[in-house]
Amino acid sequence: MEFLKDLFLYPGFLFGFVLGGLLEGFKRKLKARMQLRKGPPVTQPFYDLSKLLLKNITKPYRISSFTYLLIPFVPTAALLVGLLIMPYPFYQEKSSFSFDLILIFYLTELPLLSQIIFGYFSNSPYGMIGAARAGQMFFYYNGVFIMVITTLCLLEGPPYSFCLKSIAEAWDPLDVLIKILTIPFFVFSVLAKLKLNPFSIPDAEAEILKGPLTEASGVALALFKLNYLLELAIFGSLFAFFYLPVLKTSPTIGLILILLGAFFLFFIFALVENATARLRLSQFSALYLKFLIPLATLILVITWVFKNW
Amino acid sequence: MFLDAIKQFLRYSQKKSLWVFHVNTGSCNGCDIEILALFSSKYDAERFGIKLVGSPKHADILLVTGPVTTKSRDPLLRAYDMMPKPKAVVSVGVCSLSGGVFAKSYNVLGPVDNFIPVHVYVGGCSAHPNMILEGILRAAQILCEEEELWSF
Amino acid sequence: MFLGFSVGVLFLGALISALFYRINSPKFHGSLAFLTSAVALYFLNLTFFEFIKAGEFSWHLPLFRWIRDFINLDLIFKANGLNLFFALFGAYVSVGINLYAIKYMTHEKEGFGRFYAFIQLFIGSYLGLTLSENLFWSYVFFELTGLCSYQLIAFWYQSDLSSFSAKKAFLMTHIAGYGFLLGALVFTLSPDPKVYQDLILAGVLIAVLAKSVQWPLYTWIPYAMNAPTPVSALLHAACLVKCGVYLLFKFYLLLGGFPEFWKNLLIYLGMFSSLMGVLFALKQADVKKLLAYHTVSQIGYMVSGIGLGTSLGLASSLFHTLNHALFKGLLFLVAGILQQATHTRDLSLMGGLASKLPKTTVLYLIGAASISGIPGFNGFVSKWMFYQAAIEANHPLAAALGLFISTLTTLSFIKVLDTAFLGKLDEKNKQLSEKPFYLMITGGIILAIPCVVFGLFPQIAITFLINPALSLLNLREVNISFYQLPTVLIGALFILFLGLGILIYFTWLKPKEIIKETEVFKGGEDEPVFNPTADDFVADIENRLANFYKKADPDQYLLKICSFIEGLILKVYTTVKKLEQIWSKPC
Ligand code: SF4
């Protein structure tokens, strides 16, 4: 019973869904406001999602409809597991897990993989191009993301461990300095992970429609959207865990801090989205391969040297 | 009871979330530009949850501009076929209503409603963005009220 | 007793196959090989149970008594945690692959006796190498495996490419033999091996580099792919390439741990060759070569794990060895099916095969998910252990590199999935059916089951297979409380959700007929606009790394070194010849 409550209510489905939806709505509203528009209501993502649930499905010929629905479904379950292993306040005793960060990293990869597979599976030319682009981007931004999480893991210890909790609890002055240094890298890699504006290359609306999701419709599209919202919730709270003293305070304040952190991250995203235009794939890869990955590696090495000194 | 409430909510969300797919069947681009203006900050259609989508498979509402030409008939029918139910069609501009200035050209087959059912007609050459907005919202009303569109 | 039997029965089978080579029937030789390997597996299982009950024991066969005083040539098979671990998974994989080969080889016309004799000889000598306690016999078996590899790669010896590849593979794995010989000689002859351990380890390192395809001596493995697929699966994925890893473990046991310098060298060498392997794998369009480069990259994890030297590190290395044999064998079997179905190995000529070969696709998905470390499959668990071990041992760079390599692995397997199984179906593959491949698929299933089982319940493998080996190596046992979130729960959750989804699908979506079929949206065009192939998938990465690919291939440098040595020898030879001529000139 307790487990079901965790799964469906607090750090599980409902929490992630509502938080992700509000974050997305907040970002859209903020973006509109920055362009002097009125913008959609904050609850817009929920309307979109519930509308999609009731629509018919139009799928391409000669494609098994079961697989058509299964592909977006698997990452939903995976992301729920991801939410369940994060040490949210009021819940952290149950998720005392020694190297959860790796698991979270892998689980948050699955939505993108499912999209890449879906793009090819649906036989759509736009889907294939979008999938190929998404796959190639995957190569670059994950490099940065991995360096960031490894750097952060070096803060508490030795012995070091890929543990979200120990990162959230590391608050020495040196740790804070290193944490601040890694913020831009985190923001850049998550921007690319969530396919937001300067890096919205895989679903560049003007050229390749909706990229891998061009052929998704009805429930399948709703599931993809749901995955996206859950991803937003996970990355928003990851930001809070990394860069705010969430677990250092009382659980209530911790929860408020998580929400604050997540909304702050999406404020930054809205700013970046408004201020930039989409890059080409080659520009994107040059940016990552020539600047971000080497710099992130440098920070990792410096941290390592400092810690062993 | 409970199911009814859910149904009500779903219909309400259909009204609040309108994804629009735009097909140009041989218009002079005048109406198309007005549709683009719809999403600029002056008219801001996004405040009603209206969004331009790239694929007919995601769309609720089909916007058609221009008379149907020989070349564009098949793509129009295909795009209409690909849209999942419930769906509505809004024809924008006199061209799509009657053929307009292009009527009786050698390559024009006729107005849009000869080929697909149209729910809302928006007149004008070119149609004013406010009127297009009004048309889309009317279509939304039809979408969530008409029983037969939900007959699955 | 059974230890000797398990090796002996394979040698016997090889002998029978070789003697009756005139019986030109793939069924006869194939079933014989399947039978012998199954019997060997059965005997090994018996010894394994005995080992669990009674602890270590050995089987002694006195040989060449008269030379006893000079050198000990007794054949000793020892059943301990490490030996049995390597022998068991080898025997298990060989059963699945032999079953597969029965059907696969029916496409050939001749040479069955030769093929199966060497296959059985190979399995026998691999088991002999892993079980043998006497270093002399280990060396003999080690060289025998290389010899079998040479013969099996050259199965189609009429073709120039095959014989060239075989020669290349043989020469390079022969280097490994000298390395091992050096290590073994120094170890047995020196009174205190600790003093000469650098020399020993240098020898073993050469053996590992060449046999276990590490940078820079991995260049033979892409060529070795010109062999029949069972050979690639058994030798160049599961067993032969693990000999080097086994030697590392064995010398870890004999020397009781490595010094600090060698540890660091192993960690970064492993990670570096892993990175090289995966980068080269990314751009391959030939499915078997792609898998071959992944072998390089996955073995990098094992070598690196040994280098970490902690109990978690060694456990991850052992577990990855087991997992790699399973999933890479499986992937090779799938590649073989693809090759026989489409008569090509080029990914860009395939496409849309998932609709024609659904069971094969499922097998491929299991293999690919395992190798790229999707949670819930065995590859994830061992990689996970590796990252944690690396960061615990204060090597964060190795951990980060490992994670990075893992994402690249995922990318390249997504590429195979997308271009071969999904996408547009080729015209000539329209008539394809899966019927003729059922026996081959059964062989694949044998390898696929443990992939899933060990992924969901890794405790089984850890308690029964890995912990005995760890305790032999004098390390702390990795216990189960290590997984604080019960993996059973995650598995149950997945199954629950899948069940829920299936229920909704069959009760609500399907009967109401709300699924309608339409065309693919192409922006109003009639013809397909663009159909990306395998080459387009990673085009940008390839462009970016074009210079790297040109410069980083070690083969060209090896060839240069070879020709330099050749030039030197030639010079010496010509001078000697001149001297001879002067000498022999009648004055
Ligand atoms: S109605 Fe007028 S503006 Fe619109 S497409 Fe026709 S001619 Fe052009």
Side-chain angles (χ1 to χ4, degrees), chain A residues 56-62 65-66 69-70 73 76-78 81 85 95-99 102-103 105-107 109-110 113 116-117 120-125 128-129 131-132 135-136 138-139 142-143 146-147 150 153-154 158-162 214-215 218-219 281-282 285 289 300-301 304 308, chain C residues 282 352 354-355 373-375 380 383-384 387-388 391-392 394 396-397 399-400 403-404 407-408 410-411 414-415 417-419 422-424 482 484-485 489-490 493-494 497-498 501-502 505 509-510 514-523 528-532 536-541 543-544:
Chain A
N56 258 358
I57 294 172
T58 48
K59 69 176 183 62
Y61 286 122
R62 289 186 299 276
S65 47
F66 183 66
L69 292 171
L70 183 72
F73 189 78
T76 314
V81 175
I85 56 180
S95 70
S96 56
F97 197 19
S98 65
F99 32 99
I102 304 273
L103 198 55
F105 171 73
Y106 272 101
L107 291 173
E109 291 300 283
L110 284 184
L113 295 187
I116 298 177
I117 293 173
Y120 264 84
F121 170 75
S122 61
N123 270 333
S124 152
M128 291 183 188
I129 300 173
Q136 295 180 56
F138 176 73
F139 168 71
N142 267 335
I146 288 163
M147 294 303 167
T150 320
C153 284
L154 288 181
Y160 308 114
S161 159
F162 275 109
T214 302
E215 292 299 319
V219 184
L281 188 58
S282 56
S285 56
L289 207 61
L300 171 63
V301 173
W304 185 28
N308 282 315
Chain C
L282 259 187
S355 57
I374 304 292
F380 174 70
K383 284 187 183 180
W384 195 19
Y387 309 138
Q388 183 63 18
I391 202 160
E392 262 177 14
N394 200 0
L397 256 180
L403 270 165
F404 188 54
T407 60
L408 289 181
T410 316
L411 178 58
I414 286 277
K415 168 181 146 182
L417 174 68
D418 282 356
T419 49
L422 304 176
K424 212 166 149 260
F482 176 70
Q484 280 116 344
L485 195 78
L489 206 65
I490 294 182
L493 189 69
F494 252 86
F497 264 82
L498 280 188
I502 291 169
Y505 173 68
L509 291 177
K510 199 153 191 199
I514 72 169
I515 298 176
K516 192 179 129 197
E517 294 207 325
T518 60
E519 272 174 61
V520 170
F521 181 63
K522 292 175 198 132
V529 196
F530 172 59
N531 188 19
D536 299 316
F537 199 83
V538 289
D540 179 67
I541 296 176
N543 286 341
R544 272 252 159 255

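First the proteins, then the strands, lettered A, B, ... as listed; each starts at 1. These numbers were taken from a predicted model, which means no experiment stands behind them.
A/F162 and C/Y387 have perpendicular rings, their planes meeting at more than 60° on a 0 to 90° scale where under 30° would count as parallel.
Smallest separation of non-hydrogen atoms from A/T150 and C/P396: CG2-O, 3.5 Å. Between A/I102 and C/F380, the closest heavy-atom pair is CG2-CE1, 4.4 Å. Shown here for A/L107 and C/P375, the closest heavy-atom pair between the two residues is CD2-CG, 3.8 Å. The heavy-atom pair separating A/S282 from C/R544 by the smallest distance is O-NH2, 2.8 Å.
Heavy atoms of A/I117 lying under 4.5 Å from chain C belong to its backbone as well as its side chain. With a 4.5 Å cut-off on non-hydrogen atoms, C/L417 touches chain A through its side chain but not through its backbone. Both the backbone and the side chain of A/L281 come within contact range of chain C, each with at least one heavy atom under 4.5 Å from a heavy atom of that chain. Proximity to chain C (any heavy atom under 4.5 Å) is shown, for A/T76, by neither the backbone nor the side chain. For A/F73, the part lying near chain C is the side chain, with the backbone staying farther off; criterion is any non-hydrogen pair under 4.5 Å.
The greatest number of non-hydrogen atom pairs below 4.5 Å with chain C, out of A/E109, A/E215, A/K59, A/M147, is found for A/K59. Between chain A and the residues C/A399, C/A400, C/A354, the most heavy-atom pairs under 4.5 angstrom are made by C/A400.
Rounding to the nearest 0.5 Å gives a distance of 4.5 Å between CD1 of C/I414 and CG of A/L113. Interatomic distance, C/L422 CG to A/Y120 OH, rounded to the nearest 0.5 Å: 9.5 Å. Here CG of C/L403 is found 5.5 Å from OH of A/Y106. Values are rounded to the nearest 0.5 Å. Expressed to the nearest 0.5 Å, how far CZ of A/F139 lies from CG of C/L282 amounts to 6.5 Å.
Residues C/T410 and A/F138 have side chains in contact (heavy-atom distance under 4.5 Å, counting atoms from C-beta outward).
Contacts of A/Y160 classified as side-chain contact (heavy atoms from CB on, under 4.5 Å), with partners at least two apart in sequence or in another chain: A/L154, A/P158, A/K307, A/N308, C/I391, C/N394.
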